[in-house]
Number of protein chains: 2
Amino acid sequence: MTDQRPYAALLAKGEDRRQRILAVAQRLLSRQGSRGTTIVQIAREAGVTPAGLLHHFESKEQLLHAVLDARDAFDEARADRMGDIVEELERVAERYREAPELVGLFSVLQMENIEPGAPLHDRFRTRYWVAVETLAEGIRRGQRAGRYRTDLDPTVKSVEIVAFITGIQTSWLLDPSIPLTEVFTEYTASLTRQLAPPSDTP
Amino acid sequence: MTDQRPYAALLAKGEDRRQRILAVAQRLLSRQGSRGTTIVQIAREAGVTPAGLLHHFESKEQLLHAVLDARDAFDEARADRMGDIVEELERVAERYREAPELVGLFSVLQMENIEPGAPLHDRFRTRYWVAVETLAEGIRRGQRAGRYRTDLDPTVKSVEIVAFITGIQTSWLLDPSIPLTEVFTEYTASLTRQLAPPSDTP
DNA sequence: ACCAACCTACCGAACACACGCTAGGTCGGT
DNA sequence: ACCGACCTAGCGTGTGTTCGGTAGGTTGGT
């Protein structure tokens, strides 16, 4: 467990501070966006000066990428053990309340980078299609297994589902008092009805 | 038709320029948001200097409100003659392509004002609930008329629909090549199936 | 055990720049 | 003469970033 690199203790301390900055940055960025958050603000809440922050991240944009990379890694780790998409969808609502500070990050930053040519535009666009394709593949799997009906386009349905999730996130961020669980159960229930093969209608 | 006010021609010219600024501002704001758009940029594209712009709008924030007011008035005029909500929903997709520059405005600015305490937070939150309530009232009307089944909560369903519209807007802004019409027809079709009373299943 | 060389973490001060906005003025129509 | 439309010039502030420096832990040689 002991680190054998040179200057191990020093580097460990730096890494610790680095993680703290990352955490603060994530929290602030997910509410105020990139343009609404200053390096000064992040540095202050992390207990460092702006110059100290830039010792760990060479620029604001690079810090932004680092935050997104951390989240991407976190999500990927969970995406591997994905089961039935409908069951998965039902669990999304829980995660909102368990970790509210994680929720807005992508939605907020994505909105700031809608314009083609925006610094993170391409990153978010490919991320979007990865999400859609992952979902579509889940549907196709269900279709091949005979659990889902085959007369609907997986991609089209996936675009719809991603849109719903994005939208409900925005709504919830704007006003956390919306009936989140009810809406989710309603939607997943209607999804199940649509996906179920027409054979079993007693 | 002729204006009898004093300085009529002058005022008309000013009003003209004012409208042009408003149009440019709307276009830019709907892609880059408020923080991503400077009055210098708006002024330049409208053919005025920043000072000239501030002659018509006393501050950047006031210009923002003016843009939003204009759009609100436009939307209200259309909301009055609203018919069946499903039919209405089908027409949304057309409007995206007819007037793409109108689309992102609210979504983008809303995202910038998610944080409670943001300058336009309250405005967007009440606007959100107005949208939900309008939709819910449309559902209730259909229920009373016997066209819709009565065993689903109008508010819950409305929150879902608003989420879908918000999300599909975001998706379309990020990548206009998504199968917009297909997704819309799919969703509205599934809505009709859900709303239809269980009597007619031949 | 000691020491010089080295490295990492971090700060204080300053820089260049862009932003929103103001003050004062010019021009032309009424 | 008056008024509205507009411009030029500039001010104050906040931003991201750079530069030079300090403190102190770490290393390898003697």
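Chain A is the first sequence line, chain B the second, and so forth, proteins listed ahead of strands; every chain is numbered from 1.
The pair A/Glu137-A/Arg144 meets the salt-bridge criterion, since a charged nitrogen lies less than 4.0 angstrom from a carboxylate oxygen. A salt bridge does not link A/Glu115 with B/Arg27: none of the charged nitrogens is closer than 4.0 Å to a carboxylate oxygen. A salt bridge does not link A/Asp16 with A/Lys13: every distance from a Lys NZ or Arg NE/NH1/NH2 to an Asp or Glu carboxylate oxygen is 4.0 Å or more.
Here CZ of B/Arg35 is found 10.5 Å from CG of B/Leu109. Values are rounded to the nearest 0.5 Å.
Distances shown here put every side-chain N or O of B/His55 at or beyond 4.0 Å from the OP1 or OP2 atom of D/dC6. Contact annotation: B/His56 side-chain N/O to D/dC6 OP1/OP2 distance is under 4.0 Å. Between B/Arg17 and D/dC6 there is a side-chain polar atom (N or O) within less than 4.0 angstrom of OP1 or OP2.
One interatomic measurement links the two molecules: CG of B/Leu53 to P of D/dA5, which rounds to 13 Å at whole-angstrom precision. In this structure, B/Arg35 atom CZ and D/dT15 atom C1' are separated by 14 Å, rounded to whole Å. Going from atom CZ of A/Arg20 over to atom C1' of C/dA9 covers 14 Å, rounded to whole Å. Note: CG (A/Asp16) to P (D/dG25) measures 17 Å, nearest angstrom. Summarising the geometry, the separation between CZ on A/Phe57 and P on D/dT18 is reported as 16 Å, rounded to the nearest angstrom.
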Per-nt protein contacts along nucleotides 14-23 of chain C (heavy atom under 4.0 Å; B base, S backbone sugar-phosphate only, - none) come out as -----SSBB-
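In this pair, B/Phe164 and B/Phe184 present their aromatic rings perpendicular. The plane angle is above 60°, beyond the 30 to 60° band.
A heavy-atom distance below 4.5 Å is not found between the side chains of A/Pro176 and A/Tyr96.
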